[in-house]
Amino acid sequence: MIDLKLLQKDFESVSAKLMRKGVDAALLEQVKQKFEELKVAKAEFERLQAAQNAMSKEFGIYKREGKDISELKAKVDANKLLINDAIEVQREKQEELEKIAMAIPNIPDDNVPDGEDEEDNVELKKVLTPREFDFTPKEHWELAETNGWIDFERGVKVATSRFSVSFGMGARLERALINFMLDFNRERGFEEVSVPALVNRRALEGTGQLPKFEDDLYKIDGQELFLIPTAEVPVTNLYQDEILHADELPKRMTAYTSCFRKEAGAAGRDTRGMIRQHQFHKVELVAITTPATSEIIFEQMVSCASDILTALELPHRLVNLCTGDLGFGAAHTTDIEVWLPGQNKYREISSISNTRDFQARRAKIRFKNGKKNELVHTLNGSSLAVGRTLVAIMENYQNEDGSIDIPEVLKPYLGM
RNA sequence: GGACGAGUGGGUGAGUGGCUGAAACCACAUCCCUGCUAAGGAUGCGUAUGGGUAACUGUACCGAGAGUUCGAAUCUCUCCUCGUCCA
């Protein structure tokens, strides 16, 4: 949720920033107007209610003193009718405003580059040089099948398309990666948490997946429960509606979960292999911080994810997402893209975002700053998407005969 | 699945229709006293939002929602959660 007071106060500059992200100017004008209308409606209701409360007090006194109340009762009854109307008006305005405001994305930072889509993202730096192959490197689905690591058909058999099954070393590597990543994050100061894979509507609203992106979520039939699209949702919402002490911050957490996405709108993209699945494993980083330290934590999270890839000796690059590619709740995002020699390009493997107070405002997460309560900043990032890391290992560690070497750091996790 | 009981501020907990946004205690903060390791005193101390430079003040909130009433933490209904007992 954007700061409506700020929008009202600095309408010109805030709306200019939001328009960079493709928000319609007319919509912003509408939000501003609804916000003002709501304030007027509220003031009117409160004025009437104050009168009502005063009269009710008098009523009590009259009764105690045995005075005649019929005149007062008539006044109070008349006022009551006005109040009922005022409540109705206020409720209407509130609903109208919420409907529009909840669908407005976060304000992008000034250093977010303008752009349409991922083509316009700006490379920040490259880490490690891709290896030279003296043969034509294969794509991961081929390697996965020849090694018997991943079975795509059987995933479809027991579920539907975009599901797969890992066997043997493929499955063991996934588990090794999860453990390696969690241990790595823990050493960097992120506390491990284990959270529910089903969440309620309130949680999804808190982090911004709802109301706008319901189509991409799996919903449990007949219940207000959804499968999580990312651990960011349950972990960030752990502190929903709380006022934290400044000395508890920053809270740095890491969680492994499965993630579930319908991938609505991704028809035809990455249909082959395990780049884009309906269910995938991910180790996530989440931080809750004071505004003053959120950028420092952001950098820590980016290095944490990048250093995991470096430890795995996987070449990758960092890119600064442009306005067109920036997610709904993010003020700015750094993506990490891993080198896939089979596809001969860098592909997203991690996405780290600072949402600033956008989620905190929705989820009502605050902290006591001296005497005042202030919204926290929340950040989230993957470290890393497990399936895609496995893909990167297969493609980067492949030999000409199709066999795959095991990264050194994972060997202890595999009893090697 | 059934029966009963409970859900109040950071914590414990009082409060069965107006004098309660809520006693008391603990915790916390500031100040004072004292000084030798632990104690005494004073004051302050919920959240959100509107108005005001401010002092201050309006409104809402006692699990959630709806209702009765001039007036609800308190009465009624529905739901949720937690306990205890039963199947």
Side-chain angles (χ1 to χ4, degrees), chain A residues 1-11 31-98 100-102 195-196 198-206 210-211 219-220 222-226 234 237-249 251 288 290-291 357-376:
Chain A
M1 186 81 146
I2 58 161
D3 186 345
L4 293 174
K5 267 197 255 178
L6 187 70
L7 179 76
Q8 192 195 30
K9 213 173 110 221
D10 295 326
F11 186 74
V31 172
K32 187 189 176 204
Q33 201 194 323
K34 293 283 174 216
F35 185 58
E36 272 155 19
E37 283 175 18
L38 175 63
K39 267 172 82 165
V40 172
K42 264 191 170 162
E44 173 64 3
F45 159 73
E46 283 174 11
R47 191 181 64 76
L48 292 167
Q49 187 63 44
Q52 189 78 355
N53 288 345
M55 284 191 279
S56 289
K57 256 208 173 107
E58 241 181 295
F59 205 101
I61 296 166
Y62 273 39
K63 275 212 136 172
R64 207 175 321 131
E65 294 175 349
K67 287 197 198 162
D68 178 37
I69 52 160
S70 52
E71 197 184 323
L72 184 58
K73 173 101 165 81
K75 269 166 75 183
V76 132
D77 284 344
N79 195 52
K80 183 85 186 256
L81 295 175
L82 296 176
I83 289 179
N84 287 341
D85 290 346
I87 288 175
E88 200 43 53
V89 172
Q90 190 191 322
R91 180 175 307 176
E92 244 169 60
K93 299 288 174 201
Q94 178 87 42
E95 275 169 15
E96 285 170 7
L97 177 65
E98 238 164 56
I100 319 175
M102 286 289 270
V195 291
L198 288 170
V199 290
N200 56 34
R201 184 170 287 275
R202 174 94 167 73
L204 287 155
E205 283 170 353
L210 287 180
K219 188 176 181 204
I220 304 298
Q223 290 191 54
E224 285 295 288
L225 284 174
F226 301 80
N237 280 290
L238 251 22
Y239 296 98
Q240 167 201 104
D241 212 11
E242 290 192 31
I243 300 171
L244 303 162
H245 290 284
D247 55 20
E248 308 179 64
L249 301 177
K251 281 195 180 292
I288 295 176
T290 61
D357 62 11
F358 187 79
Q359 293 181 329
R361 185 171 294 105
R362 290 173 160 240
K364 296 197 175 73
I365 310 175
R366 294 147 294 170
F367 75 104
K368 228 176 224 332
N369 191 7
K371 285 208 154 208
K372 280 176 59 184
N373 295 324
E374 244 185 87
L375 293 170
V376 298

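Please read these numbers as outputs of a predicted model, since none were measured by experiment. Values below: every heavy atom of this structure, side chains too, minus hydrogens, waters and symmetry copies.
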A side-chain contact here means heavy atoms from C-beta on lying under 4.5 Å apart; do [X] and [Y] qualify?
{"X": "A:K364", "Y": "A:D241", "result": "yes"}
{"X": "A:K75", "Y": "A:N79", "result": "no"}
{"X": "A:N53", "Y": "A:E58", "result": "no"}
{"X": "A:F45", "Y": "A:I83", "result": "yes"}
{"X": "A:E242", "Y": "A:I365", "result": "no"}
{"X": "A:V376", "Y": "A:Y239", "result": "no"}
{"X": "A:L238", "Y": "A:I288", "result": "no"}
{"X": "A:L48", "Y": "A:E44", "result": "yes"}

| Hey, does the side chain of A:R202 come within less than 4.0 Å of B:A64's phosphate (OP1/OP2), counting only N and O? | no
| message | Quick check: on RNA chain B, is the nucleotide nearest A:A51 upstream (toward 5') of the one nearest A:R91, or the reverse? Name the residue that is more 5'. | response | A:A51
Are any side-chain N or O atoms of [X] and backbone N or O atoms of [Y], one a donor and one an acceptor, separated by less than 3.5 Å?
{"X": "A:N237", "Y": "A:A363", "value": "no"}
{"X": "A:R361", "Y": "A:M1", "value": "yes"}
{"X": "A:R362", "Y": "A:M102", "value": "yes"}

| message | Holding to side chain to side chain donor-acceptor pair (under 3.5 Å), I want the full list of residues that pass it with A:D85, two or more places apart in sequence or in another chain. | response | none
Starting at atom [atom1] of [X], determine the distance to atom [atom2] of [N], rounded to an integer number of angstrom.
{"X": "A:L81", "N": "B:C70", "atom1": "CG", "atom2": "P", "value": "12 Å"}
{"X": "A:L375", "N": "B:A48", "atom1": "CG", "atom2": "C1'", "value": "12 Å"}
{"X": "A:R366", "N": "B:U49", "atom1": "CZ", "atom2": "C1'", "value": "12 Å"}
{"X": "A:E58", "N": "B:C19", "atom1": "CD", "atom2": "P", "value": "15 Å"}
{"X": "A:Q240", "N": "B:U47", "atom1": "CD", "atom2": "P", "value": "19 Å"}
{"X": "A:H245", "N": "B:G10", "atom1": "NE2", "atom2": "P", "value": "10 Å"}
{"X": "A:E374", "N": "B:A48", "atom1": "CD", "atom2": "P", "value": "11 Å"}
{"X": "A:E44", "N": "B:A60", "atom1": "CD", "atom2": "P", "value": "15 Å"}

Considering only the [atom1] atoms, how many Å lie between [N] and [M], rounded to the nearest integer?
{"N": "B:G2", "M": "B:G10", "atom1": "C1'", "value": "38 Å"}
{"N": "B:G52", "M": "B:C33", "atom1": "P", "value": "42 Å"}
{"N": "B:C25", "M": "B:A14", "atom1": "P", "value": "15 Å"}
{"N": "B:G1", "M": "B:G18", "atom1": "P", "value": "39 Å"}
{"N": "B:G41", "M": "B:U34", "atom1": "P", "value": "15 Å"}
{"N": "B:U30", "M": "B:C45", "atom1": "P", "value": "15 Å"}
{"N": "B:C31", "M": "B:G83", "atom1": "P", "value": "44 Å"}
{"N": "B:U16", "M": "B:G11", "atom1": "P", "value": "22 Å"}

| request: Whenever both distances are under 3.5 Å in a Watson-Crick or G-U wobble pair, mark it; put RNA chain B into dot-bracket that way, with [ ] for crossing pairs and | when the partner is on another strand. | output: ((((((((.[[[..)..(.....]]].(((((.......))))).((((((....)))))).[[[[[..)....]]]]]))))))).
| When we call it a touch if two heavy atoms are under 4.0 Å apart, what does A:R47 touch: a base, just sugar-phosphate, or nothing? | nothing
| Using a cut-off of 4.0 Å on non-hydrogen atoms, how would the nucleic acid contact of A:I61 be classed: base, sugar-phosphate, or nothing? | nothing
| request: Supply the atom-to-atom distance A:L38 CG to A:E95 CD, rounded to the nearest 0.5 angstrom. | output: 11.0 Å
| message | Quick one about A:Q94 and A:Q90 (side-chain donor to acceptor, distance below 3.5 Å, no hydrogens or angles considered), yes or no? | response | no
Collect all protein-nucleotide pairs involving nucleotides 50-53 of chain B in which both atoms are nitrogen or oxygen and the distance is under 3.5 Å.
residue	atom	partner	partner atom	Å
B:G50	OP2	A:K5	NZ	3.4
B:G51	OP1	A:K39	NZ	3.4

| said: Measuring from the side chain of A:K73 (C-beta onward, heavy atoms only), which nucleotide among B:U47, B:U59, B:C70 has the closest atom? | reply: B:C70
| query | Between B:C70, B:U47, B:A66, which nucleotide has the shortest distance from any of its atoms to the side chain of A:N373? | reply | B:U47
| Salt-bridge criterion met for A:E36 and A:K39 (N-O under 4.0 Å) | no
| request: Could you tell me which residues satisfy side-chain contact (heavy atoms from CB on, under 4.5 Å) with A:K57, sequence neighbours excluded, listed by chain and number? | output: none
Write down the protein N/O and nucleotide N/O pairs, taken from nucleotides 74-82 of chain B, whose separation is under 3.5 Å; answer none if there are no such pairs.
none

At a cut-off of 3.5 Å, list every protein nitrogen or oxygen paired with a nitrogen or oxygen from nucleotides 71-73 of chain B, distance to 0.1 Å.
residue	atom	partner	partner atom	Å
B:G71	OP1	A:K80	NZ	2.8
B:G71	O4'	A:S56	OG	3.3

